[in-house]
Amino acid sequence: MAILDVVRLALRWKGTSLDTEVTRYINWSKSEMERAGVPHFVAVDDTNPLIEDCIVQGCLMNLSTDERIRE
């Protein structure tokens, strides 16, 4: 499953109208991992379950309307 589909599923979004914004936060999450010291070749490997979870959490943190997740 593509990372965009995984994030959409985690956000419980069915439509694709916000895919551009979701993609921006996917890329932001990868950049944040690199900034924190994760090597580039690891941060962009969204088939790695740990990296996938980090990307999902980054997107949830920025796109969720639930304040408990955002904190």
Side-chain angles (χ1 to χ4, degrees):
M1 184 181 295
I3 191 66
L4 182 59
D5 296 325
V6 171
V7 172
R8 237 191 269 122
L9 183 64
L11 288 165
R12 293 176 175 81
W13 289 350
K14 296 183 189 220
T16 59
S17 62
L18 296 173
D19 279 0
T20 302
E21 188 171 359
V22 173
T23 301
R24 185 168 58 95
Y25 281 112
I26 289 170
N27 293 332
W28 173 85
S29 298
K30 292 176 182 180
S31 296
E32 277 297 300
M33 284 187 280
E34 286 184 53
R35 188 181 67 80
V38 176
H40 175 75
F41 71 93
V42 175
V44 297
D45 178 18
D46 45 16
T47 61
N48 179 327
L50 182 58
I51 299 301
E52 183 180 280
D53 285 344
C54 290
I55 292 169
V56 167
Q57 291 302 315
C59 291
L60 282 172
M61 181 180 71
N62 286 291
L63 295 168
S64 178
T65 58
D66 187 344
E67 289 299 319
R68 292 171 296 174
I69 293 174
R70 295 186 72 134
E71 291 175 359

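Below, all heavy atoms of this structure are taken into account, side chains as well, without hydrogens, waters or symmetry copies. One-based numbering along the sequence shown.
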Report summary line: Heavy-atom nearest pair, Ala43 first then Met33, reads O-CE, 3.9 Å
Do [X] and [Y] belong to the same hydrophobic cluster, where Ile, Leu, Val, Met, Phe, Trp and Tyr are linked whenever their side-chain heavy atoms lie under 4.5 Å apart, directly or via other members?
X	Y	answer
Ile55	Phe41	yes
Val44	Ile51	no
Leu63	Leu18	yes
Leu9	Leu11	no

Report task. Quick one: which residue pairs count as a salt bridge (Lys or Arg N to Asp or Glu O under 4.0 Å) with a foot in residues 34-52, not counting sequence neighbours? Result ->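 Salt bridge (Lys or Arg N to Asp or Glu O under 4.0 Å) check on residues 34-52 returns Lys30-Asp46, Glu32-Arg35.
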Query raised in the report: Can you tell me how far the CD1 atom of Ile3 sits from the SG atom of Cys59, to the nearest 0.5 Å?
Result: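 If we round to the nearest 0.5 Å, Ile3:CD1 and Cys59:SG are 7.5 Å apart.
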Requested in this report: Drop me the distance from Ser29's OG to Asp53's CG, to the nearest 0.5 angstrom.
Outcome: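 Here the interatomic distance stands at 11.5 Å.
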Validation: residues 20-28 side-chain donor-acceptor distances under 3.5 Å, sequence neighbours left out:
unit_1: Thr23; atom_1: OG1; unit_2: Asp19; atom_2: O; d: 2.7
unit_1: Asn27; atom_1: ND2; unit_2: Thr23; atom_2: O; d: 3.3

Query raised in the report: Does Arg12 have any side chain to side chain donor-acceptor pair (under 3.5 Å) partners at least two apart in sequence or in another chain, and if so, which?
Result: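 Arg12: no side chain to side chain donor-acceptor pair (under 3.5 Å) contacts found.
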